[in-house]
Amino acid sequence: MKIKDIVQAVERLAPPSLAAPWDNPGLLLGDPEAECVRVMMALDLTWPVLETAADIDCQLILTHHPFIFTGQKQVLAGSYEGDMIMALAQRKIAVMAAHTNWDNAEDGINWTLAKTLELQNVAPILDPNYTASEILLLAGDLPKPLAAAELLEHLRSCLYLPALRAAGLKPDKMYQRLAVVGGAGMDLWPQAQAAGCDALLSADGKHHIGLQAAHSGFAVIDGTHFATEVIGIRWLAVRLTEVLPELHVLNIEEQDPWAFYGQAGQKM
């Protein structure tokens, strides 16, 4: 099997046409004609991912986030991209990314997130300006109406998080329909509210978004970028194994670079 065969298989699962215009998915580094028997899956290209892939003789690393995102004018030691490119080239490891095309795919990250949260009657939220190259926002019903505290506990448990942060939650309100989008999709809360949802779960919520949502009587919940997306890259590994059973697809146990700390600086 060649690198290009794996690229084609991934792109059947996550068609490039679904990627946002600003994105950079696909094969980012490597020889499409090179042979490949092992693929390492990861949310991000980090040194532990690269070193583990090299140690177990992977010929390709498939990440969610593209490690080359903007125009690369220089490849210099000491920069993230430069160090990675030189190390990958020395080890003859190719890198591919499936980013917003996997977010938006029918079986991709956002659908996986909805399934993980046990949502029912899941459907896309489409506004008049929606195009296939934007980020897919989904809505679904919780297994039963939940009070604010119950909702937070359900989401925290499903995402294996020690804590959550939220804005606009009302203790006396029952929450039934939830909008979800993996990663940095908190600014889509107006579409979620207009579609009749009670709350939006996403990540990377900015201060002003919390203020605006709460003022409008809507709840936004931050499930962290890592937790809302890592489940989707693990699912892509499963799907890739199904379509290419002769390929060895491996997952590395990644750690969120952000951590929660409690009293006395104890990690939660």
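Note that these values count all heavy atoms, side chains included, but never hydrogens, waters or copies made by symmetry. These figures come from a predicted structure and were not determined experimentally.
Thr52 contributes atom OG1, which lies 11.0 Å from atom CD of Glu253 (distance to the nearest 0.5 angstrom). Atom OG1 of Thr46 is separated from atom NE2 of His65 by 12.5 Å, given to the nearest 0.5 angstrom. Here Ile125 contributes atom CD1 and Leu137 contributes atom CG; the two are 4.0 Å apart, rounded to the nearest 0.5 Å. Interatomic distance, His154 NE2 to Glu150 CD, rounded to the nearest 0.5 Å: 11.0 Å. Between the CD atom of Glu81 and the CG atom of Leu88 there is a distance of 12.0 Å, given to the nearest 0.5 Å. Taken to the nearest 0.5 Å, the CD atom of Gln193 stands 13.0 Å off from the CG atom of Leu188.
The number of heavy atoms from other shown groups lying within 6.0 Å of CD (Glu242) is above 12. Heavy atoms of other residues, nucleotides or ligands lying less than 6.0 angstrom from CD of Glu246 number more than 12. Under a cut-off of 6.0 angstrom, the local environment of NE2 in His207 is sparse, with at most 12 non-hydrogen atoms contributed by other residues, nucleotides or ligands. Residue-environment remark: CD (Glu106) stays at or below the threshold of 12 foreign heavy atoms within 6.0 Å.
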Please determine whether side chain to side chain contact (heavy atoms under 4.5 Å, CB included) holds for the pair Ile93 and Gln59, giving the CA-CA distance in whole Å, both sets of side-chain angles, and the decisive distance to 0.1 Å.
CA-CA 5 Å; Ile93 300 175; Gln59 295 81 38; over 6 Å; no
Working for side chain to side chain contact (heavy atoms under 4.5 Å, CB included), residues Asn24 and Ile68:
CA-CA 7 Å; Asn24 190 38; Ile68 299 176; 4.2 Å; yes
When you look at Asp5 and Ile3, which way does the side chain to side chain contact (heavy atoms under 4.5 Å, CB included) test go after all the steps?
CA-CA 5 Å; Asp5 300 319; Ile3 297 289; over 6 Å; no
Evaluate salt bridge (Lys or Arg N to Asp or Glu O under 4.0 Å) for Glu33 paired with Lys2, printing each intermediate quantity in order.
CA-CA 6 Å; Glu33 297 294 333; Lys2 296 183 177 181; 3.0 Å; yes
Side chain to side chain contact (heavy atoms under 4.5 Å, CB included) between Leu60 and Val95: does it pass, once the steps are laid out?
CA-CA 6 Å; Leu60 174 66; Val95 178; 5.6 Å; no
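The closest side-chain heavy-atom distance from Lys115 to Trp111 is not below 4.5 Å. Proximity of Leu155 to Leu178: side-chain heavy atoms (C-beta onward) are separated by under 4.5 Å at one or more points. When side chains are defined from C-beta on, Tyr175 counts as touching Leu169, because their heavy atoms get closer than 4.5 Å. Looking at Asp198 and Phe218, their side chains never come closer than 4.5 Å, going by heavy atoms from C-beta outward. With a 4.5 Å cut-off on side-chain heavy atoms, Val10 and Met96 count as touching. A heavy-atom distance below 4.5 Å is not found between the side chains of Val243 and Arg12. When side chains are defined from C-beta on, Val180 counts as touching Leu201, because their heavy atoms get closer than 4.5 Å. Residues Val75 and Met86 are in side-chain contact: their nearest non-hydrogen atoms beyond the backbone lie under 4.5 Å apart.
Using a cut-off of 4.0 Å between Lys/Arg side-chain N and Asp/Glu carboxylate O, Asp222 and Arg165 are scored as salt-bridged.
Phe226 and Trp258 fall into different hydrophobic clusters, where Ile, Leu, Val, Met, Phe, Trp and Tyr are joined by side-chain heavy atoms under 4.5 Å apart, directly or via other members. Hydrophobic clustering (ILVMFWY, side-chain heavy atoms < 4.5 Å, transitive): Trp102 and Met41 are in one cluster. No single ILVMFWY cluster, assembled from side-chain heavy atoms under 4.5 Å apart, contains both Tyr160 and Tyr261. No path of Ile, Leu, Val, Met, Phe, Trp and Tyr side chains, each step under 4.5 Å between heavy atoms, connects Val49 with Leu240, placing them in separate hydrophobic clusters. A single hydrophobic cluster is not seen to contain both Met1 and Val37; linkage of ILVMFWY side chains at heavy-atom distances under 4.5 Å, directly or through other members, places them apart.
With no hydrogens or angles considered, a side-chain donor-acceptor pair links Thr100 and Asp23 at under 3.5 Å. Judged by distance alone, the side chains of His225 and Glu229 do bring a donor and an acceptor atom under 3.5 Å apart. Asn110 and Asp103 are not linked by any side-chain donor-acceptor pair at a separation below 3.5 angstrom, with hydrogens and angles left out of the test.
Of the candidates Thr224, Leu113, Val230, Leu113 is the only one forming a side chain to side chain contact (heavy atoms under 4.5 Å, CB included) with Leu159. Partner Cys58 forms a side chain to side chain contact (heavy atoms under 4.5 Å, CB included) with one of Ile252, Val39, Leu250 and no other, that one being Leu250.
Gln72 and Ile85 get closest at one heavy-atom pair: CG-CD1, 4.5 Å. The two residues Leu13 and Ala105 come nearest to each other via the heavy atoms O-CB, 3.4 Å. Annotation for Ala94 and Leu27: closest pair CB-CD1, 4.3 Å, computed over non-hydrogen atoms. Among all heavy-atom pairs drawn from Glu254 and Leu43, the shortest one is OE2-N, 2.6 Å. Taking every heavy atom of both residues into account, Leu28 and Ala97 meet most closely at CD1-CB, 4.0 Å. The two residues Met186 and Val220 come nearest to each other via the heavy atoms SD-CB, 3.7 Å.
Judged purely by atom type and a 3.5 angstrom limit, His64 uses its side chain to pair as donor or acceptor with the backbone of Ala98. Put simply, the side chain of Ser157 never gets that close to the backbone of Glu153: no donor and acceptor are under 3.5 Å apart. Counting only distance, with no hydrogens or angles, the side chain of Ser202 and the backbone of Gly185 share a donor-acceptor pair below 3.5 Å. A distance-only check finds no donor-acceptor pair linking the side chain of Asn121 to the backbone of Asp141 [under 3.5 Å]. No donor-acceptor pair under 3.5 Å is formed between the side chain of Gln120 and the backbone N or O of Gly140. In this structure, the side chain of Arg91 engages the main chain of Ala87 through a donor-acceptor pair within 3.5 Å. Under the 3.5 Å distance criterion, the side-chain polar atoms of Gln74 are left unmatched by any main-chain donor or acceptor of Leu76. With hydrogens and angles disregarded, a donor-acceptor distance shorter than 3.5 Å links the side chain of Thr228 to the backbone of Gly183.
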